Peer 1: 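Below is one structure. I have some questions about it.
Numbered from 1 within each chain, the chains take letters A, B, ... in sequence-line order. Treat the numbers as computed from the prediction; the structure is a model and nothing was measured. Below, each value reflects all heavy atoms present in this structure, side chains not excepted, and no hydrogens, waters or symmetry copies.
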There are 2 protein chains.
Amino acid sequence: MEAFNKYLQQFPHYTPKVFEQIKPHLIKKELEAGEYFLEQGRVCRSIAFIETGLLRLHYNTDSKEVTNCFCKENTITCSYSSLITGSESDIAIQAIEPSRLWVIPYISLQKLYEKDLFWQQLGRLAAENEFITTECHHRFLRDLSATDRYIQVLENEGELLQRVPLIYLASYLQVAPETLSRIRKKISKS
Amino acid sequence: MEAFNKYLQQFPHYTPKVFEQIKPHLIKKELEAGEYFLEQGRVCRSIAFIETGLLRLHYNTDSKEVTNCFCKENTITCSYSSLITGSESDIAIQAIEPSRLWVIPYISLQKLYEKDLFWQQLGRLAAENEFITTECHHRFLRDLSATDRYIQVLENEGELLQRVPLIYLASYLQVAPETLSRIRKKISKS
DNA sequence: GGTATGACTTGACCTAGGTCAAGTTCGGAT
DNA sequence: ATCCGAACTTGACCTAGGTCAAGTCATACC
């Protein structure tokens with residue numbers, strides 16, 4: 001729980017008061033690897049701070065499964081579009097390591113919006129941040145070749161490669177697992 | 001200018017007052033086809049309401065040009081990420097038809113945020129909307145084949161096809177112009 | 001120690017879409 | 001009317017990455 005307090009400290013207008021405000025709303029949730037925080041088709045009504053563990057955000061089409069992103073400890077996760085529109089989530093959120101979450105119901109958060117500027121600002125910053133991250137990831141997918149995408153992840157998120165099974169990493173990079181395997185081989189040689 | 005007033009009416013909490021608040025801040029700008037509202041690498045410091053015309057939002061990489069979206073009359077356009085972060089825009093906004101814009105400086109908008117709940121809400125809704133649209137477009141690019149992308153645009157945005165040169169449409173659909181030409185031929189036969 | 005299982009690799013082949021170069025077509029300027 | 005150039009089409013060929021099927025490897029379980 002203290003990790004969440006620490007997380008909040010990075011935002012402008014933080015005071016110890018804000019942690020006291022949110023504390024009573026936090027619900028602890030432990031997930032096994034493979035368990036879901038949110039299933040595709042359900043409405044997302046809360047956000048989660050990840051104290052420990054690793055989750056992935058993914059969706060299924062008729063023909064394939066796509067991993068949108070990985071969310072690790074000391075970050076927040078939710079299906080943002082489902083949360084704000086109240087519609088069914090087109091993505092699922094699944095733990096791929098045993099994870100401890102602190103869940104915050106969206107209604108609690110909305111109440112806090114009215115209590116303190118801090119929360120208002122946090123909401124906006126979250127939205128903006130979400131937008132920019134997404135934009136950036138999509139451009140990464142669009143503009144780089146499969147090999148370059150792998151290299152970039154290798155350089156920027158090397159730690160992830162240790163923690164994520166190849167099959168999820170492949171769907172994150174938008175390549176077939178076989179292709180990723182070949183890319184790895186090629187890279188390790190050079 | 002009246003078109004902008006009408007545009008505002010679709011949002012919750014609208015009152016005639018809000019239009020009076022923003023009126024003094026509006027700057028009229030006319031663009032020829034080909035002219036830029038914003039160039040890549042510049043900081044975006046305003047948003048524009050498009051009264052008439054058509055613009056496209058695009059960026060260049062070393063090897064190619066990508067059209068992100070088209071913005072038509074009665075909508076808003078800006079480089080959202082540049083606007084909110086104050087960093088150099090990684091996209092350009094160019095008129096592809098002669099266009100009349102009403103430009104709103106971001107600082108004016110920020111002042112309005114403090115004056116009326118309406119503007120606050122508009123800002124948040126804009127962010128959320130931007131996020132969802134972007135997300136949706138990227139999924140369209142990821143999950144559909146080139147042909148299916150074309151068909152979907154044909155069905156949902158048929159009007160656009162009349163107004164947009166093939167070369168821009170191709171870069172919007174993420175295909176080579178030659179491929180788009182072939183897809184068109186194939187579709188028109190069936 | 002042996003074997004079943006899931007996670008990854010390798011090989012052979014295929015295909016969507018890209019690339020390059022040579023046409024068309026058509027609307028303006030002369 | 002005709003010439004020009006931009007916008008588009010067509011053809012021939014190429015390539016990145018996908019698909020399918022058969023390994024290999026490791027680890028956990030009997």
Peer 1: Would you mind reading off the distance between A:Arg142 atom CZ and C:dG18 atom P, rounded to a whole angstrom?
Peer 2: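 Spelled out: CZ on A:Arg142 to P on C:dG18 is 14 Å.
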
Peer 1: Classify the ring geometry of B:Tyr7 against B:Phe11: parallel below 30°, tilted from 30° to 60°, perpendicular beyond 60°.
Peer 2: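 B:Tyr7 and B:Phe11: perpendicular rings.
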
Peer 1: Would you indicate, yes or no, if C:dT10 has its OP1 or OP2 atom less than 4.0 angstrom from a side-chain nitrogen or oxygen of A:Lys185?
Peer 2: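 Yes, such a contact exists.
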
Peer 1: Find the distance B:Ile183:CD1 to D:dT10:P and express it as a whole number of Å.
Peer 2: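 Spelled out: CD1 on B:Ile183 to P on D:dT10 is 14 Å.
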
Peer 1: Tell me: CZ of B:Arg184 to C1' of D:dA7, nearest whole Å?
Peer 2: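 Value for this atom pair: 10 Å.
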
Peer 1: Measure CG/B:Asp148 against P/C:dG17 and give the value in whole Å, please.
Peer 2: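 Between P of C:dG17 and CG of B:Asp148: 9 Å.
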
Peer 1: Name all pairs fulfilling the ring pair (Phe, Tyr, Trp, His ring centres under 6.0 Å) condition that reach into residues 101-137 of chain A, sequence neighbours left out, sorted by first residue then second.
Peer 2: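 Those involving residues 101-137 of chain A are A:Phe131-B:Tyr80, A:His137-A:Phe140, A:His137-A:Tyr172.
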
Peer 1: Report yes or no: is the cationic atom of B:Arg139 (NZ for Lys, CZ for Arg) under 6.0 Å from the centre of the six-membered ring of A:Tyr59, at an angle within 45° of the ring normal?
Peer 2: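 Positive - B:Arg139 is close enough to the ring of A:Tyr59 and near enough to its axis.
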
Peer 1: For the pair B:Glu35 and B:Lys29, find out whether any cationic side-chain nitrogen is under 4.0 Å from an anionic carboxylate oxygen.
Peer 2: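 Salt bridge between B:Glu35 and B:Lys29, a charged N being under 4.0 Å from a carboxylate O: no.
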
Peer 1: For A:Gln162 and C:dA7, give me the distance from atom CD to atom P, rounded to whole Å.
Peer 2: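 After rounding, the reported distance stands at 17 Å.
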
Peer 1: Calculate the interatomic distance between B:Leu166 atom CG and C:dT24 atom C1'; express it in whole Å.
Peer 2: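 Nearest whole value for this atom pair: 15 Å.
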
Peer 1: Could I get the full list of side chain to side chain contact (heavy atoms under 4.5 Å, CB included) partners for B:Ala33, not counting sequence neighbours?
Peer 2: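 In terms of side chain to side chain contact (heavy atoms under 4.5 Å, CB included), with neighbours along the sequence ignored, B:Ala33 is linked to B:Pro98.
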
Peer 1: Under 4.0 Å, heavy atom to any atom of DNA chain D: which of residues 167-182 of chain B qualify?
Peer 2: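 Those residues are B:Ile167, B:Glu178, B:Ser181, B:Arg182.
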
Peer 1: Without decimals, in angstroms, what is the distance between A:Tyr150 OH and D:dA16 C1'?
Peer 2: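 The distance from OH of A:Tyr150 to C1' of D:dA16 comes to 18 Å, rounded to the nearest Å.
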
Peer 1: When the distance from CG of B:Leu144 to P of C:dA16 is rounded to whole Å, what number comes out?
Peer 2: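 B:Leu144 atom CG is separated from C:dA16 atom P by 15 Å.
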
Peer 1: What's the verdict on side-chain contact (heavy atoms from CB on, under 4.5 Å) for A:Val66 and A:Gln174, showing C-alpha distance, side-chain angles and the deciding distance?
Peer 2: CA-CA 7 Å; A:Val66 178; A:Gln174 297 276 301; 3.1 Å; yes

